[in-house]
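What follows is a set of notes on a single structure, which appears directly below.
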Amino acid sequence: MAAIAILHGLESITGRVPKLRKTAARPSVCLSFARFCGLHFCAHCAIGFANRIRRHRGPSMRLSRYFLPLLKETPKEAEIASHQLMLRAGMIKQQAAGSYAWLPLGFKVLNKIVKIIEEEQNRSGAIQLLMPTIQSADLWKESGRYNAYGKEMLRIEDRHERDMLFGPTNEEVITDIFRTYVKSYKDLPLNLYHVQWKFRDEVRPRFGTMRSREFLMKDAYSFDLDEASAIQAFYRMFVAYLRTFHRMGLVGVPMRADTGPIGGDMSYEFHVLADTGESAVFLDKRLVDKPIPEIDTDFRSDLTPIFKDWTSLFAATDEMTDEAGFKAAVDPEHQLAARGIEVGHIFFFGTTYSKPMKATVTGPDGQAVEVQMGSYGIGPTRLVPAIIEASHDEAGIIWPVSVAPFEAVVINLKVGDAESDKASERLYEDLKLEGIDALLDDRDQGAGGKFAAADLIGIPYQLIVGPRGLKEGQVEIKHRKSGERETLSVEEAVGRLKRLIVPQRRDSV
RNA sequence: CGGAGUAUAGCGCAGCCUGGUAGCGCACCUGCUUCGGGAGCAGGGGGUCGAGUGUUCGAAUCACUCUACUCCGACCA
């Protein structure tokens, strides 16, 4: 108690009490001191204590104190909807050609996407690590790619005039890590992945983060003793990818793809269908509604049936087929010619890197065997615009709940009105308490601007609180996607939102 | 890398042709009135006109050079 008194005394002396009262800092300090003193409450703050505990859960997301630079007009450099909307919604800022800063709202979405990717990679048995962005050229000289890669690779010289590079991909580094530590076939299979920034000095970056020079990539690398088990590793990633894109509210259609200079015939690209996609794609439309492998899929079992099931239906990019071939292969009633955004690419390439880099393990017969490898990429910084391309309207973005920067926004229509302030604060706190990722729009501005902002940034549910409804004890929920509005009592609102939101998180599908 | 274009306040633009020292809308700041779909009134702040060189008494404006960015094509998670 003495300590608390001293603390409050200091605050009084510095004259900062009124300011501190408005922040979370002071109650948490009080509580810490109270606990330190073995008390269950702070004598000084006893009034309204319960409310203060609530506020301590999670960061405060009050729009009046957030950093969300919205643009009313569309910057002229943006051509496609996703790029325009990401700029207008204050998600990104261009810093140079193909180089973007991720502002808080954009970063929040990016992180949700990365989290889903990590969960599904982990579920499939892959193990996360982190490799550097700047690599030594030596490994690339060893694999033969230092000269082969061309100007797309950003080459750097350090102070000792050593050749370095900003990694465009990580096969060399992961192979080096593997060969250093893994010596026995008993340690296989192994799949290591990371989520790390890449740089490819594209001739022409465009469409915002859809094709940027610096981009985030999840890249996984599998190592197996023989081709048969390597193919199983490939299937595991195939299934993980189906699940990953589905959880983001996307249909990621696997398509036979060109392996390019890597060779071999095991390569699939995952495409999100969108009018602005860069590739022409041809597919059997039954793939679009095909149920994805469920959460209890056993990744230690033989996944061949799932792979065969999915790949039995026709799907290919224009690199692999043409309209004539497509029409000959698919029943007319199932034909779908569309455009696609490539959001993932999986390769099996055998010993392409293990051979020149001498990545071998000792097999059961005591002989050294070059490991069979595959690599598997997903671009989170491309997924953000891909999701927007697939889901937006005239008013702005329509986020699927699973990747939405906020699941719900409480819109206080009349800031300064005692009833409206109190009810919206309370509803916001209750949503947080129920584990909903909520935002409170407590900015002192007109209702129209708030509705427009909520629509633009695409929050799935708007909880509209204003004096008019409160007179009847009512609030309104607007569904961003359908435009549907429902009026309900203040008491029912949080429960209703929770029942709407939780199933759409897709974290248990 | 081939072709085309743009550069004037944070964003969107006018002014350039015909040279005379920069303007509009939004945003921002102050005050008042407002507040259920991007409010109104009044006042205010902010610009080496992408950079450099040249022509000229005088350059955002004319000429040349450079740079950055965007679009179309070939390449890519």
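A note on names: the letters A, B, ... follow the listed sequences, proteins ahead of strands, and every chain is numbered from 1.
Across all strands shown, the partner of G25(B) is C11(B), judged by Watson-Crick or G-U wobble contacts whose two distances both fall under 3.5 Å. Taking a pair to require two hydrogen-bonding distances under 3.5 Å in either a Watson-Crick or a G-U wobble arrangement, C71(B) pairs with G3(B). Using the Watson-Crick or G-U wobble rule with both distances under 3.5 Å, G36(B) pairs with nothing in any strand shown. Pair assignment for G31(B): C41(B), on the basis of Watson-Crick or G-U wobble contacts that are both within less than 3.5 Å. Using the Watson-Crick or G-U wobble rule with both distances under 3.5 Å, A63(B) pairs with U53(B). With both pairing distances under 3.5 Å, C17(B) is matched to nothing as a Watson-Crick or G-U wobble pair.
In this structure Pro293(A) satisfies the side-chain contact (heavy atoms from CB on, under 4.5 Å) test together with Val239(A), Leu242(A), Thr297(A), Ile306(A), Trp310(A), sequence neighbours excluded. For Ser391(A), the side-chain contact (heavy atoms from CB on, under 4.5 Å) partners are Ile398(A), not counting sequence neighbours. Taking the ring pair (Phe, Tyr, Trp, His ring centres under 6.0 Å) definition, one finds that Phe223(A) meets it with Phe178(A), sequence neighbours left out. Considering only residues two or more places apart in sequence or on other chains, Glu476(A) meets the side-chain contact (heavy atoms from CB on, under 4.5 Å) condition with Ile464(A), Arg485(A), Thr487(A). With sequence neighbours excluded, the residues that form a side-chain contact (heavy atoms from CB on, under 4.5 Å) with Val251(A) are Val253(A), Val288(A). Here Ser212(A) pairs with nothing under the side chain to side chain donor-acceptor pair (under 3.5 Å) rule; sequence neighbours left out.
A straight line from CD of Gln95(A) to P of G10(B) spans 15 Å, rounded to a whole angstrom. Rounded to whole angstrom, the span from the CD atom of Gln94(A) across to the P atom of A68(B) amounts to 13 Å. Rounded to whole Å, the distance from NZ on Lys76(A) to P on G5(B) is 15 Å. Across the protein-nucleic acid pair, Phe215(A) atom CZ and A77(B) atom P stand 8 Å apart, rounded to whole Å. In this structure, Glu214(A) atom CD and A77(B) atom P are separated by 18 Å, rounded to whole Å. Across the protein-nucleic acid pair, Phe207(A) atom CZ and C71(B) atom C1' stand 9 Å apart, rounded to whole Å. As a whole-Å value, the separation of Glu319(A) CD from A77(B) C1' is 13 Å. Atom CD of Gln84(A) and atom P of G12(B) are 12 Å apart (whole Å).
As rounded to the nearest Å, G47(B) and G12(B) have C1' atoms that lie 16 Å from one another. Nucleotides C17(B) and U6(B) place their P atoms 16 Å apart, quoted to the nearest Å. Across U30(B) and C11(B), the matching C1' atoms stand 23 Å from one another, rounded to whole Å. One C1' atom belongs to G43(B), the other to G5(B), and the distance between them is 41 Å to the nearest Å. Nucleotides A4(B) and G50(B) place their P atoms 23 Å apart, quoted to the nearest Å. Separation of the P atoms belonging to G58(B) and U21(B) is 15 Å when rounded to the nearest angstrom. For A27(B) and G15(B), the P atoms lie 24 Å apart once the distance is rounded to whole Å. C49(B) and C16(B) are spaced 11 Å apart, taking the C1' atom of each and rounding to whole Å.
The residue Thr487(A) sits apart from the nucleic acid: no heavy atom pair falls under 4.0 Å. Residue contacts for Glu77(A): at a heavy-atom cut-off of 4.0 Å it reaches the sugar-phosphate backbone alone, with no base atom in range. Here Lys198(A) lies out of heavy-atom contact (under 4.0 Å) with every strand. Thr169(A) comes within 4.0 angstrom of no nucleic acid atom, judged by non-hydrogen atoms across all strands.
Within the structure, the salt bridge (charged side-chain N to carboxylate O under 4.0 Å, His left out) test picks out no pair touching residues 371-388 of chain A (sequence neighbours left out). Each salt bridge (charged side-chain N to carboxylate O under 4.0 Å, His left out) pair with one or both residues in residues 342-351 of chain A, not counting sequence neighbours, would appear here, but there are none.
At C1(B), one or more side-chain N or O atoms of Lys151(A) fall inside 4.0 Å of OP1 or OP2 (strictly under the cut-off). Arg204(A) has a side-chain polar atom (N or O) that falls below the 4.0 Å cut-off from OP1 or OP2 of C71(B).
Shown for residues 99-133 of chain A: no residue has heavy atoms falling under 4.0 angstrom of RNA chain B. Near-neighbour residues of RNA chain B inside residues 234-253 of chain A, defined by a heavy atom below 4.0 Å, are absent.
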Under 3.5 Å, which donor-acceptor pairs do the side chains of residues 404-420 of chain A form with other protein atoms, sequence neighbours left out?
{"unit_1": "Glu407(A)", "atom_1": "OE1", "unit_2": "Asp437(A)", "atom_2": "N", "d": "2.8"}
{"unit_1": "Glu407(A)", "atom_1": "OE1", "unit_2": "Arg505(A)", "atom_2": "NH2", "d": "3.0"}
{"unit_1": "Glu407(A)", "atom_1": "OE2", "unit_2": "Arg505(A)", "atom_2": "NE", "d": "2.7"}
{"unit_1": "Glu407(A)", "atom_1": "OE2", "unit_2": "Arg505(A)", "atom_2": "NH2", "d": "3.3"}
{"unit_1": "Asn412(A)", "atom_1": "OD1", "unit_2": "Lys414(A)", "atom_2": "N", "d": "3.2"}
{"unit_1": "Asn412(A)", "atom_1": "OD1", "unit_2": "Ser420(A)", "atom_2": "OG", "d": "2.7"}
{"unit_1": "Asn412(A)", "atom_1": "ND2", "unit_2": "Asp421(A)", "atom_2": "OD1", "d": "2.8"}
{"unit_1": "Asn412(A)", "atom_1": "ND2", "unit_2": "Ser424(A)", "atom_2": "OG", "d": "3.2"}
{"unit_1": "Asp417(A)", "atom_1": "OD2", "unit_2": "Glu419(A)", "atom_2": "N", "d": "3.3"}
{"unit_1": "Asp417(A)", "atom_1": "OD2", "unit_2": "Ser420(A)", "atom_2": "N", "d": "2.9"}

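Taking the six-membered ring where the residue is Trp, the centroids of Trp197(A) and Phe215(A) are separated by 6.0 Å or more. Between Phe234(A) and Phe238(A), the ring centre distance reaches or exceeds 6.0 Å.
Environment of NZ in Lys115(A): sparse, with no more than 12 heavy atoms of neighbouring residues, nucleotides or ligands closer than 6.0 Å. Within 6.0 Å of CZ on Arg65(A) lie no more than 12 heavy atoms contributed by other residues, nucleotides or ligands.
The nearest heavy atom of RNA chain B to Ala78(A) and to Arg382(A) marks one nucleotide each, and the one closer to the 5' end goes with Ala78(A).
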Base-contact (B) and sugar-phosphate-only (S) positions in nucleotides 30-44 of chain B, heavy-atom cut-off under 4.0 Å, - elsewhere: -----BBBB------
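For Ala97(A), the listed nucleotide lying nearest its side chain is U70(B); candidates were U70(B), A77(B), C13(B).
Geometric assessment of Arg155(A) against the ring of Tyr146(A) yields a positive cation-pi assignment under the 6.0 Å and 45° thresholds.
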